[in-house]
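Notes follow once the structure below has been shown.
Every chain is numbered from 1, with letters handed out A, B, ... down the list of sequences.
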Number of protein chains: 2
Amino acid sequence: MQIGELAKRSGLSAHTIRYYERIGLLPYADRDAGGRRDYDEAILVWIAFLDRLKTTGMPIREMLQYAKLRAAGDHTGPARRRILEAHRDRVRAHVRDLQASLLVLDTKIDTYVETEKRTHSHDDTEHSFDEQQTRARPARP
Amino acid sequence: MQIGELAKRSGLSAHTIRYYERIGLLPYADRDAGGRRDYDEAILVWIAFLDRLKTTGMPIREMLQYAKLRAAGDHTGPARRRILEAHRDRVRAHVRDLQASLLVLDTKIDTYVETEKRTHSHDDTEHSFDEQQTRARPARP
DNA sequence: CCTTGACTTAGAGCGCGCTCAAACCCCTAG
DNA sequence: CTAGGGGTTTGAGCGCGCTCTAAGTCAAGG
């Protein structure tokens with residue numbers, strides 16, 4: 001499989017794949033006779049895992065650490081586990097944060113909905129900076 | 001309240017507060033006799049809300065849209081509501097994503113833990129690129 | 001043979017969200 | 001009177017994670 005197909009199948013762009021290889025997130029790929037990268041299906045599994053780390057907000061420099069530990073041999077298992085555990089904890093905390101924020105959003109949206117129900121437009125939730133300079137309610141004609 | 005205290009109380013740096021004012025996220029603050037920004041407590045509420053939007057991943061340019069609608073008057077309530085609803089939906093989707101990823105992380109961590117239980121270090125989860133070049137297990141001395 | 005198009009490299013550029021620097025002003029305490 | 005510590009402005013710089021450009025190579029199809 002060459003880079004174009006891997007791009008399609010992995011969802012990364014070919015540019016990004018090369019970039020990842022350069023920085024060490026992806027292995028230096030074998031080249032074919034013409035000097036082109038030739039990938040094995042197996043790489044897809046690794047990329048999928050990287051994607052998980054990425055979507056959960058792990059910075060590249062930390063993925064790199066993980067990748068290097070892996071490359072360093074089986075004995076680094078515990079260190080890798082600790083990285084993942086720390087990351088998991090951060091993700092959990094982030095999820096809690098997001099859920100709290102969702103409640104706030106829901107509440108805020110509700111106040112907008114209530115206001116709209118009362119037909120005439122009027123917003124009495126907490127004050128934003130423009131409150132002073134807000135021209136008097138434009139009293140729909 | 002001048003900018004230093006607001007910085008302390010809001011958690012933003014004074015630099016960031018000025019930057020937010022420049023780009024329009026925060027109102028142009030009143031200046032005191034000496035030309036310094038003089039804030040009212042009320043600003044804290046708005047900053048707290050911006051923080052919610054920020055921690056839930058709303059890009060600044062969208063917060064700006066929201067801020068401008070608010071400044072445009074009460075009649076923009078429905079538009080603001082729609083922005084928040086769209087954002088809420090994205091956040092919900094993201095939370096689901098994160099939760100799915102947490103399961104993956106937990107599973108992966110478990111395999112590390114299991115491996116460690118078996119005392120000798122050995123990792124047989126899916127293969128990373130270094131598998132070929134991995135030196136034979138360094139057989140703890 | 002020639003074109004097409006997918007690939008190669010090194011390196012520059014970009015969008016985001018700050019973050020800091022330089023040069024200056026003003027107030028207060030010692 | 002002076003030193004210090006807050007503030008002001010404009011504009012440059014930075015870290016991140018890509019993303020793209022330029023110039024070149026190669027293999028297959030017409």
> Taking atom C1' of C/dC7 as reference, at what distance in whole Å does atom CZ of A/Arg31 sit?
Replying inline: 11 Å
> On DNA chain C, nearest-nucleotide positions of A/Glu21 versus B/Met58: which is more 5'?
Replying inline: A/Glu21
>> With a 3.5 Å distance limit and no angle check, can you tell me whether B/Thr76 reaches the backbone of B/Ala79 through a side-chain donor-acceptor pair?
In response: no
> Quick one: do A/Arg92 and B/Asp106 make a salt bridge, cutoff under 4.0 Å?
Replying inline: yes
> Which atom names give the shortest non-hydrogen contact between B/Gly77 and A/Tyr112, and what distance separates them?
Replying inline: O-CD2, 3.8 Å
>> Can you tell me which residue among B/Arg88, B/His87, B/Arg90 is in a side-chain hydrogen bond (donor to acceptor under 3.5 Å, both in side chains) with B/Thr56?
In response: B/His87
>> Rounding to an integer number of Å, can you tell me how far A/Asp38 CG sits from C/dA6 C1'?
In response: 14 Å
Pairs: protein N or O with nucleotides 22-29 of chain C N or O, under 3.5 Å:
unit_1	atom_1	unit_2	atom_2	d
C/dC26	O2	B/Arg36	NH2	3.3

> Taking any atom under 4.0 angstrom from a heavy atom of chain A, which nucleotides of DNA chain D are the first and last to qualify, 5' to 3'?
Replying inline: D/dC16 to D/dC26
> Rounded to whole angstrom units, what separation is found between the CG atom of B/Leu50 and the P atom of C/dC18?
Replying inline: 11 Å
> Any sub-3.5 Å donor-acceptor pair from B/Trp46's side-chain atoms to B/Leu25's backbone N or O?
Replying inline: yes
>> Can you pull out the residues from residues 3-18 of chain A that lie within a 4.0 Å heavy-atom distance of DNA chain D?
In response: A/His15, A/Thr16
